[in-house]
Amino acid sequence: VRLTRYLSIATIVLSSAGCASAGSYIWIDEAPESVVKPIPETLILPGDMVSVRVFGQDPMSVRAPVRSDGVIAMPLVGDVQMAGKTASAVAKEIEERLQPFINTPHVNVGVEESHTRVVVIGEVRRTGTVVLDGPVGLLAALANAGGLTEYASDDKIYVLRSNSMGNFRFRFRYDDATRNVGRAASFKLRTGDVVVVE
C-alpha cells in the first residue's frame with residue numbers, strides 16, 4: 001500500500017510536470033532550511049527494532065521489532081502503538097498505562113535499529129522501494145538502486161517530499177552529491193521521500 005502511494009505521488013508529479021525543464025522545482029541549495037533540516041527526534045516506523053525498559057520491572061521490559069501494523073505487545077498493557085510517534089512520546093504513554101499496576105513507573109524507549117524507506121524511480125538500474133540504515137543521503141539511495149543508467153542526466157535528480165508544510169520537489173546535481181558540495185552534502189532522506197532520476 002505504501003509503495004503504491006509513493007509511486008502514485010511520483011506519477012502525478014511527473015505527469016503534471018512533463019519534462020524536468022517544465023516542472024516546478026527548487027534547487028536544494030535554495031530550499032528553506034526548515035524543510036530540509038534533519039528531524040531532531042526520528043519517528044518510529046514499522047520494522048524498527050525497539051527496546052522498552054521498565055525500571056525495576058525486568059519481566060515487563062521487552063525488545064521487539066515494530067510489527068507491520070505499527071504496534072508491539074507488552075505485558076499487562078497489551079498492544080502499544082509505536083509507529084508514527086517519537087520514543088519519548090511512547091515512553092510517556094506506557095507510563096500512563098502502567099500506573100494502575102505500578103507505583104510511579106519509569107519507562108525508557110529506545111530505537112536500536114532504524115531504517116529509512118524511500119522509493120527510487122526513473123533512470124536507475126533497479127526501481128522500487130529501498131530500505132536504508134538510519135538517516136542517510138541521496139547517494140545511498142542511488143547505490144541501493146544499482147546506480148544510474150547510461151541515460152541518466154547528472155543534473156536532473158529530484159527528491160519529492162510531502163509534509164505538513166506542503167509538497168516539494170528538490171533538484172540535485174550528481175556531482176555536487178559525490179563531491180560533498182553545498183546542501184547536497186548534508187541533505188538526509190526521510191521515509192516517504194521519492195527519488196526521481198531523469
Side-chain angles (χ1 to χ4, degrees), residues 1-40 42-49 65-66 68 83-84 111 113-198:
V1 175
R2 180 176 288 179
L3 173 58
T4 303
R5 179 166 62 87
Y6 294 165
L7 291 176
S8 298
I9 292 172
T11 301
I12 291 170
V13 172
L14 291 176
S15 62
S16 63
C19 63
S21 59
S24 63
Y25 61 84
I26 184 169
W27 285 102
I28 189 59
D29 285 334
E30 299 169 3
E33 177 66 22
S34 59
V35 180
V36 299
K37 67 180 180 181
I39 301 173
T42 305
L43 300 180
I44 298 172
L45 297 169
D48 288 351
M49 181 62 69
V66 179
S68 59
V111 180
E113 298 176 15
S114 182
H115 305 288
T116 301
R117 297 164 180 83
V118 302
V119 172
V120 185
I121 59 176
E123 292 298 335
V124 292
R125 301 192 184 281
R126 294 188 301 274
T127 60
T129 300
V130 296
V131 181
L132 309 166
D133 292 331
V136 294
L138 185 64
L139 290 180
L142 296 176
N144 275 265
L148 307 182
T149 70
E150 59 271 30
Y151 305 107
S153 297
D154 287 348
D155 66 346
K156 292 181 180 178
I157 300 173
Y158 302 89
V159 173
L160 314 183
R161 173 171 293 174
S162 297
N163 58 28
S164 59
M165 290 178 278
N167 300 317
F168 301 90
R169 188 172 183 234
F170 306 124
R171 185 172 176 178
F172 293 80
R173 293 183 179 88
Y174 185 74
D175 285 348
D176 289 347
T178 57
R179 293 187 292 114
N180 289 329
V181 173
R183 280 259 185 83
S186 60
F187 180 82
K188 301 299 181 186
L189 292 166
R190 301 178 187 173
T191 290
D193 286 348
V194 178
V195 180
V196 183
V197 181
E198 296 188 352

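Note that this is a predicted model, so its numbers are computed, not measured.
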How far apart are the closest heavy atoms of Ser162 and Asn167, and which atoms are they?
-> OG-OD1, 2.7 Å
Compare all side-chain heavy atoms of His115 with those of Leu132 and state whether any distance is below 4.5 angstrom.
-> no
Is it true that atom CZ of Phe187 has more than 12 heavy atoms of other residues, nucleotides or ligands lying nearer than 6.0 Å?
-> yes
Asp175: salt bridge (Lys or Arg N to Asp or Glu O under 4.0 Å) partners, not counting sequence neighbours | none
State whether the side chain of Ser114 and the backbone N or O of Asp48 hold a donor-acceptor pair below 3.5 Å, judged by distance alone.
-> no
Taking the side chain as every heavy atom from C-beta outward, state whether Leu45 and Val66 have any pair of such atoms under 4.5 Å apart.
-> no
Rounded to the nearest 0.5 Å, what's the gap from CG on Leu139 to CG on Asn180? Could you check?
-> 8.0 Å
Looking at Ala141 and Val118, what are the two nearest heavy atoms and their distance?
-> CB-CG2, 4.1 Å
Gap between atom OH of Tyr174 and atom CD1 of Ile157 - 0.5 Å precision | 7.5 Å
Minimum heavy-atom distance Pro46-Ala83, with the two atoms named | CD-CB, 3.7 Å
If you take all heavy atoms of Val36 and Ala31, which pair is closest and at what distance?
-> CG1-CB, 3.8 Å
Should the pair Asp29-Arg183 be classified as a salt bridge under the 4.0 Å nitrogen-to-oxygen rule?
-> no
Side chain to side chain, Arg126 and Asn144, heavy atoms closer than 4.5 Å = no
Can you tell if the side chain of Glu198 reaches within under 4.5 Å of the side chain of Glu123, non-hydrogen atoms only?
-> no
Less than 4.5 Å apart, any side-chain heavy atom of Val119 and any of Leu160?
-> no
Is any side-chain heavy atom of Tyr158 closer than 4.5 Å to a side-chain heavy atom of Val194?
-> no
When rounded to the nearest 0.5 angstrom, what distance separates CG in Asp154 from CG in Leu148?
-> 7.0 Å
Taking the side chain as C-beta and beyond, is there a heavy-atom pair between Phe170 and Ile26 under 4.5 Å?
-> yes
Quick one: list whatever passes salt bridge (Lys or Arg N to Asp or Glu O under 4.0 Å) with Asp176, sequence neighbours left out.
-> Arg173, Arg179
Should the ring pair Tyr25 and Trp27 be called parallel, tilted or perpendicular, given that the plane angle runs from 0 to 90° and is split at 30 and 60?
-> perpendicular
Of all heavy-atom pairs between Leu189 and Thr116, which one has the smallest distance, and what is that distance?
-> O-CG2, 3.8 Å
Of all heavy-atom pairs between Val35 and Arg161, which one has the smallest distance, and what is that distance?
-> O-NH1, 3.1 Å
